[in-house]
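Just follow the structure's listing: the first ligand is 1, and inside any ligand the first atom is 1. In this text the structure is predicted, and so the values were computed from the model without any measurement.
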Amino acid sequence: MTNMNNITLNASIAYEKYSKLSTETRAQFLDTIANNIEALGDELLNTANKETHLPMPRLQGERGRTCFQLRMFASMLRKGDYLEASIDTAIPDKTPPKPDIRQMLHPVGPVVVFGASNFPFAYSTAGGDTASALAAGCPVIVKAHPAHLQTSTLVAAAIQKAIETNQIPEHTFQHVTDTDFSAGKALVQDDHIAAVGFTGSRIGGRALYDYASTRKNPIPVFSEMGSVNPVVLLEDALVNNSESIAKNYAGSITLGMGQFCTNPGILIGVKSAALTLFSTQLANELKTVVVAPMLHEGIQSAYFKNSNHALAQTGVTCLTDNTPTSSSAFPVLTTVDGVTFLSNTHLAEEVFGPYSILVQCEDTEQLIQVWKSIQGQISTTIMGTDKDFEKNENLLALSINIAGRILLNGVPTGVEVCDSMVHGGPYPATTDSRFTAVGVKAVRRWLRPISFQNWPNHLLPIFLQNKNEKSIWRTINGEFTKSDVNA
Ligand code: NAP
């Protein structure tokens with residue numbers, strides 16, 4: 001195994017220098033990484049295609065998203081508002097006297113990132129976790145995902161080249177290609193590491209969280225894990241639109257062969273003629289989907305095992321024709337009644353792949369029980385018309401407790417990268433529901449607030465000095481402003 005002590009020590013030495021670089025230098029560094037990734041051209045796409053079986057259009061789109069994310073964080077750095085600077089000026093004649101206190105966010109230290117198997121670019125080596133941590137001012141050690149080591153190595157070289165071009169401190173980025181759990185465990189438990197980002201299985205994400213909690217100095221682990229993304233189907237929507245809803249959901253369940261953490265794994269409705277018709281329409285749509293290979297053998301065999309385990313549960317009926325084999329990921333739609341679902345917790349477990357279960361409830365009360373019984377989620381969706389929402393206003397309030405993103409009339413797959421996106425949610429969707437893994441606010445995971453009390457103006461960080469030289473938004477004595485402090 002690689003000697004992790006050297007790697008983490010080097011990361012902590014890099015932190016001392018990298019965290020002090022100007023935001024503009026870090027922005028240029030991120031822009032250069034994006035340019036270098038694009039410059040890899042077809043070599044990168046062909047390598048990823050070979051390693052992950054993901055089709056070219058998907059990989060092209062994902063590469064675009066990765067470069068967009070890097071540039072988005074560069075632009076965030078140039079604006080500077082992410083620092084959440086606030087200033088409370090002194091009131092010497094107050095009793096007791098109020099001191100001058102100024103606060104801003106500061107990088108936490110070296111971060112370990114575990115690349116995701118299902119996003120070889122956007123949530124791997126130079127993906128959202130790495131881009132946001134580098135933007136924050138934290139050196140990054142990437143534990144490459146074993147399912148796409150060559151892709152990861154190419155991207156790591158693009159980052160390395162950007163380090164050289166921009167004269168960024170060496171070891172600001174390091175790439176670990178060991179393929180066993182002991183490497184990841186050693187990194188998470190090393191004293192020099194300040195935080196961890198992870199996307200993958202619940203077992204994996206929870207294991208990393210537990211390693212970190214048993215450290216002498218526990219650190220935050222931001223694990224983004226499985227989700228079944230429950231969808232509530234209301235009657236009037238089905239009466240009016242069941243065919244198009246079935247078409248859209250067949251597309252969403254099988255997008256990327258269901259290998260998304262936003263895959264709609266559980267559909268819930270109240271028994272009706274419209275729900276029965278919808279179930280037939282959805283099953284028919286799924287039967288026409290062309291089966292493609294899954295990301296890697298481990299995921300294929302997990303899909304085979306987990307879908308068969310779900311199919312074997314008492315009271316479960318399969319509505320599609322083919323069931324997955326050890327080498328073919330046939331999409332599966334099953335159905336079950338509400339009572340059976342509530343009495344068997346296995347039925348709420350994620351089956352990673354193109355699998356969904358339709359829970360047919362007796363009434364709205366049981367639907368709510370089923371919905372609430374499913375643990376914390378990344379997203380939840382309600383399909384309904386105005387008439388449905390008028391009749392079921394309480395469902396909107398309930399949805400807030402279930403997930404980090406709540407959709408009305410849409411499909412949960414497809415996660416827009418923007419300021420308002422939340423890709424997170426209550427445990428077990430993530431290990432910290434207060435943060436998002438997607439969008440600009442993902443940077444907040446790698447920053448901690450520091451108060452500077454009674455510091456002379458010239459010793460303060462530039463963002464907190466009286467003159468607002470970088471013209472960032474700050475609060476001064478509670479007012480949001482870009483003004484200088486009247487010294
Ligand atoms: P995984 O098994 O969770 O592994 C992801 C990474 O975490 C790998 O690098 C792995 O290390 C590391 N890891 C996992 N458990 C660990 C442990 N106990 N100690 C140290 N390191 C550990 O995920 P996967 O291989 O991508 O796919 C397996 C399953 O994860 C899928 O079937 C699916 O259920 C789920 N998944 C979910 C999502 C999502 O978005 N929520 C995405 C992808 C996969 P090694 O490199 O040493 O193997």
For [atom], grab the closest protein heavy atom and report residue, atom and distance to one decimal in Å.
atom                    : result
atom 47 (O) of ligand 1 : D180 C, 3.2 Å
atom 12 (C) of ligand 1 : F114 CD2, 4.0 Å
atom 26 (O) of ligand 1 : S117 OG, 2.5 Å
atom 4 (O) of ligand 1  : H145 NE2, 4.1 Å
atom 36 (N) of ligand 1 : G200 C, 3.6 Å

To which of [options] does the heavy atom nearest [atom] belong?
atom                    : options                : result
atom 17 (C) of ligand 1 : Y303, Y123, Y211, F119 : Y211
atom 10 (C) of ligand 1 : F181, F352, F198       : F181
atom 39 (C) of ligand 1 : C261, G298, S227       : C261

How many angstroms lie between CE in M72 and SG in C67, if you round to the nearest 0.5 Å? 12.5 Å

Is there a donor-acceptor contact under 3.5 Å linking the side chains of [X] and [Y]?
X    : Y    : value
S252 : T413 : yes
S379 : N229 : yes
D190 : H192 : yes
S152 : T125 : yes
T430 : E224 : no

Ligand 1 atoms in contact with [X] (distance to a heavy atom under 4.0 Å):
X    : value
A207 : 18 (N)
G226 : 41 (N)
T199 : 40 (O)
M225 : 41 (N)
E224 : 40 (O), 41 (N)
T179 : 47 (O)
L208 : 20 (C), 21 (N)
G204 : 14 (C), 15 (N)

Considering distance alone, does some N or O of K143 sit under 3.5 Å from an N or O of ligand 1? yes

Decide whether an N or O pair under 3.5 Å exists between S201 and ligand 1. yes

Parallel under 30°, tilted from 30 to 60°, perpendicular over 60°: which one fits the rings of Y15 and H106? perpendicular

Whether Y123 and F119 hold their rings parallel, tilted or perpendicular, with breakpoints at 30° and 60°: perpendicular

A116: heavy atom below 4.0 Å from ligand 1, yes or no? no

Does the side-chain hydrogen bond (donor to acceptor under 3.5 Å, both in side chains) test come out yes or no for Q150 and T47, once each step is laid out? CA-CA 7 Å; Q150 287 176 40; T47 307; 5.2 Å; no

Closest heavy-atom pair and its distance - C318, V332: SG-CG1, 4.2 Å

Quick check: do L275 and V270 have side-chain heavy atoms less than 4.5 Å from each other? no

Charged N-O contact under 4.0 Å between E38 and R71: yes

